Undergrad: 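Next up is a structure, given as structure tokens.
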Amino acid sequence: MLSVVIFCIFAPKSAKMSSSISKDDLNWRDYLIRAALIIASVTIIVWLMPRRNHFNFNIEKGRPWIYADLSAPFDFPIYKSDEAVKAERDSLMELYEPYYIYDKEVSGKQIRQFYKDYSDGIPGLSNDYLSIIANRLSDLYTQGIMSSSEYQKLCQDTTRMIRIIDGKDANSVQINKVSSVVSAYEQIFLDEALAAHRDILRKCNLNDYLAPNLTYDKNRSESSLNELQNSIPLATGLVQRGQKIIDRGDIVDTKTYNILMSFKKESERKHENDPRLSFTILGQIFYVAVFIICFTIYLSLFRKDYFELARSTAMLYAIIVFFCVLASLMVSHSVLHIYILPFAMIPIFVRVFMDSRTAFMTHITTVLICACILQHPLEFIAVESAAGLIAIFSLRELSSRSQLFWTAVLITAVMAITNLALEWMKSSDATKISISETTYIVINGLLLFCSYPLLYLIEKAFGFTSNITLIELSDMNKALLRKMSEVAPGTFQHSIQVGNLAAEIARKINAKSQLVRTGALYHDIGKIANPIYFTENQSGVNPHEKMGSIDSAQMIISHVTEGIKLAEKYNLPNIVKDFISTHHGQGKTKYFYVQYKNAHPNEDVDELLFTYPGPNPFTKEQAILMMADTVEAASRSLPDYTEKSIRELVNRLIDTQVAEGYFRECPITFRDIAYAKTVLIEKLKNIYHTRLSYPELKK
């Protein structure tokens with residue numbers, strides 16, 4: 001829900017609308033958005049936080065008491081353990097007698113029906129058998145008949161007693177003294193006179209005249225059961241105020257364990273009815289708000305650009321809220337140990353899609369918020385902080401699936417070692433160290449293996465693109481790349497070469513090398529539509545010779561729009577589509593523009609006919625691709641490949657791009673551009689280096 005709210009808040013405005021908003025309005029809008037994020041996050045987290053924080057001790061039977069000496073702050077009973085209470089209740093169940101109401105009307109009704117159905121007698125038998133059968137039915141109804149299903153539940157213990165209510169009387173009867181509908185039918189033939197004519201009587205369907213006359217009395221039965229169970233005392237003693245419970249370092253034996261658990265139960269009961277609960281909630285609000293505000297200030301100061309992207313802000317705040325809420329629910333319901341929750345996923349997700357510093361800040365903010373609801377906050381902070389640091393260090397650059405596997409292994413190992421170190425610090429006897437928390441940490445590590453499929457879900461939910469996805473898109477066997485290699489082989493080779501140059505520049509200036517390499521592979525896919533119109537795919541035939549300059553320019557420009565169409569058809573990520581639309585920016589097809597100007601010197605030229613739709617590059621990686629693409633394409637037209645000619649070409653082309661303002665909208669510096677020139681010159685020198693001529697063998 002939070003991510004949906006954030007997306008609504010950050011819904012992009014049209015250019016016309018944004019241009020009409022003053023700078024002050026934008027500032028106020030930013031403040032309101034950030035305030036809304038803080039209020040929404042704090043409200044959701046605090047709303048689901050547990051309130052029972054009065055008892056902050058972890059009780060483990062057979063382990064030393066690691067806290068200070070403990071005395072009773074108030075009188076409280078020593079409750080029996082749940083197992084002891086259950087055993088006593090099970091023993092009392094032997095005395096429990098369920099109530100059944102005896103219905104006298106059933107007997108008379110069924111016997112009258114029998115006489116009515118056989119008023120002419122039973123074929124093959126004398127009329128005396130009517131009275132014999134009626135008497136037998138009367139005896140069975142007198143004893144009592146109950147439904148077969150209820151009888152099966154009770155008859156397993158033949159000594160079991162039930163209580164039959166007949167009017168104002170309630171008599172205890174052994175279960176084997178009554179019958180079920182099925183057993184009553186068999187008892188009819190116990191009479192010797194009837195047993196001899198069993199075959200004839202079976203045709204009479206005597207079971208039609210057997211119906212339950214004992215009905216379960218739910219109200220009386222449950223009242224009797226509750227009264228019986230309530231007779232069991234739940235406490236075995238009393239601890240008075242000021243009485244010593246346990247000293248620091250003492251072993252928690254069974255008796256002390258029961259006293260401590262009783263103290264815990266009574267403390268929580270008192271805390272629930274404590275009128276100071278409102279102060280607890282107020283404290284939680286202040287505590288959570290401090291960390292959420294600090295996190296927001298960090299983003300405002302050091303990662304301001306994230307507020308410009310709805311998906312970035314949505315993911316960061318949604319992750320914090322999700323893990324805090326999940327931790328609160330686990331603690332509130334005591335379903336699982338907190339170490340099972342894989343908090344290390346937070347820095348993994350943020351590091352993959354954003355940066356290391358933000359990953360650490362997001363992780364530590366979440367851990368510190370969750371620590372206030374735990375019994376061992378310092379131990380939790382230490383273990384989870386170590387796990388988060390390892391996650392960040394091991395994912396400096398995600399380039400393969402195996403990295404996530406080894407990251408999960410390293411995180412698990414570091415958490416286990418940190419937890420073991422804390423255990424040794426608390427206990428001098430290594431043999432008494434519990435392995436339960438280590439087991440939880442191992443389960444945590446197994447859950448971390450789910451990071452890979454969850455990365456895919458986060459990509460789709462928030463519109464990110466991970467390095468793994470980029471690597472998969474760079475596979476030459478992808479349908480679109482394979483099609484380009486077959487239809488436009490020259491363009492394909494050009495794209496590979498541009499990718500190599502651009503990736504080398506990106507590594508030099510600390511940009512995203514995998515992103516720019518993938519963007520380079522797809523930046524010219526629009527040429528698939530009409531490959532023959534592009535020089536690198538021609539083999540002696542140039543269709544532009546028979547076309548006008550404007551038509552030729554439009555054909556060249558169309559590879560950008562065709563590329564966008566193909567990218568949408570093959571579901572390429574938006575970040576890759578941006579390379580297609582920006583690799584020429586809003587530049588001109590200069591060859592045809594100059595050709596047209598020379599042919600029409602006195603005519604006003606509509607420059608839009610020769611201009612790419614753009615936009616200009618707005619990221620460092622897009623600027624790198626534009627430089628590498630322009631230089632690589634132009635380098636093929638050099639008459640000779642010397643260091644001087646290559647250097648002059650690179651400097652001239654990139655200086656022209658800078659002068660024409662292609663890089664004004666992207667965060668690339670003059671220093672980055674200088675490094676890019678150096679890389680391009682060195683790489684082109686290596687590509688087009690002079691080879692030695694082999695001597696011919698003299699005859």
Side-chain angles (χ1 to χ4, degrees), residues 302-305 351 353-358 395-399 465 467 470-471 474 493-524 575-576 578-587 614-638 641-690:
F302 302 104
R303 290 292 180 266
K304 194 179 298 182
D305 54 312
R351 177 64 191 87
F353 297 118
M354 298 182 192
D355 63 278
S356 298
R357 189 191 297 182
T358 304
L395 290 174
R396 293 186 301 275
E397 186 174 353
L398 183 61
S399 58
T465 304
N467 268 12
L470 294 174
I471 292 169
S474 300
Q493 293 302 322
H494 161 72
S495 298
I496 293 175
Q497 200 73 273
V498 170
N500 293 334
L501 293 172
E504 192 65 30
I505 298 172
R507 279 190 287 269
K508 186 70 175 177
I509 66 174
N510 294 323
K512 299 175 182 177
S513 59
Q514 185 57 55
L515 172 59
V516 74
R517 183 187 294 276
T518 306
L521 288 174
Y522 288 92
H523 79 285
D524 270 346
I575 199 169
V576 176
D578 291 337
F579 284 98
I580 300 172
S581 60
T582 62
H583 74 279
H584 285 295
Q586 292 178 326
N616 288 327
F618 50 85
T619 67
K620 187 182 294 186
E621 290 76 18
Q622 292 166 9
I624 292 170
L625 178 63
M626 174 180 275
M627 288 186 282
D629 179 41
T630 303
V631 170
E632 201 283 332
S635 67
R636 297 172 181 268
S637 62
L638 283 174
Y641 295 99
T642 63
E643 181 176 354
K644 181 181 178 182
S645 64
I646 291 173
R647 186 180 299 278
E648 288 178 352
L649 175 72
V650 171
N651 286 327
R652 176 171 54 82
L653 291 175
I654 294 180
D655 288 344
T656 300
Q657 289 176 337
V658 173
E660 292 181 356
Y662 292 142
F663 306 142
R664 289 175 183 170
E665 300 171 17
C666 64
I668 195 167
T669 64
F670 286 114
R671 183 171 180 268
D672 294 335
I673 294 172
Y675 277 129
K677 289 179 180 180
T678 303
V679 171
L680 288 170
I681 291 169
E682 293 301 319
K683 295 296 287 185
L684 289 176
K685 283 165 56 180
N686 293 335
I687 293 171
Y688 299 114
H689 67 277
T690 303

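Both backbone and side-chain heavy atoms feed into the values below; hydrogens, waters and symmetry mates do not. Count residues from 1 along the sequence. Just so it is clear, the structure is predicted and the values come from calculations on it, not from any experiment.
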Undergrad: So, using salt bridge (Lys or Arg N to Asp or Glu O under 4.0 Å) as the criterion, who are the partners of Lys677 when residues are at least two apart?
TA: Asp655
Undergrad: Grab the two heavy atoms, one from Met626 and one from Phe663, that are nearest each other, plus how far apart they are.
TA: SD-CE2, 3.7 Å
Undergrad: Would you mind reporting whether Met627 and Ile668 have side-chain heavy atoms less than 4.5 Å apart?
TA: yes
Undergrad: State which residues pass side-chain hydrogen bond (donor to acceptor under 3.5 Å, both in side chains) with Thr642; sequence neighbours excluded, sorted by chain then number.
TA: Ser645
Undergrad: Are the side chains of Cys666 and Lys620 in touch, meaning some heavy atoms are under 4.5 Å apart?
TA: no
Undergrad: Applying side-chain hydrogen bond (donor to acceptor under 3.5 Å, both in side chains), can you list everything that pairs with His583, at least two apart in sequence or on another chain?
TA: Asp524, His559
Undergrad: Answer yes or no: is there a side-chain heavy-atom contact under 4.5 Å between Ile505 and Val516?
TA: no
Undergrad: Which heavy-atom pair separates Ala503 from Ser513 by the least distance, and what is that distance?
TA: O-CB, 3.8 Å
Undergrad: Under 6.0 Å between the ring centres of His523 and His584?
TA: no
Undergrad: Are Ile496 and Leu521 close enough that some pair of their side-chain heavy atoms sits under 4.5 Å apart?
TA: yes
Undergrad: If the condition is side-chain hydrogen bond (donor to acceptor under 3.5 Å, both in side chains), which residues does Tyr662 pass it with, not counting sequence neighbours?
TA: Glu660
Undergrad: Shortest non-hydrogen contact from Leu680 to Ala628?
TA: CD2-CA, 4.2 Å
Undergrad: Between Asn651 and Arg647 (side chain of the first, backbone of the second, donor and acceptor by atom type, cut-off under 3.5 Å), is there such a pair?
TA: yes
Undergrad: Taking salt bridge (Lys or Arg N to Asp or Glu O under 4.0 Å) as the definition, give me every residue that meets it alongside Glu665, ordered by chain and number, with sequence neighbours left out.
TA: none
Undergrad: Going by the side chain to side chain contact (heavy atoms under 4.5 Å, CB included) test, name the single residue among Leu684, Thr630, Val679, Thr678 that passes it with Val650.
TA: Leu684
Undergrad: Could you work out, with side-chain hydrogen bond (donor to acceptor under 3.5 Å, both in side chains) as the rule, every residue matching Asp672, not counting sequence neighbours?
TA: Thr669
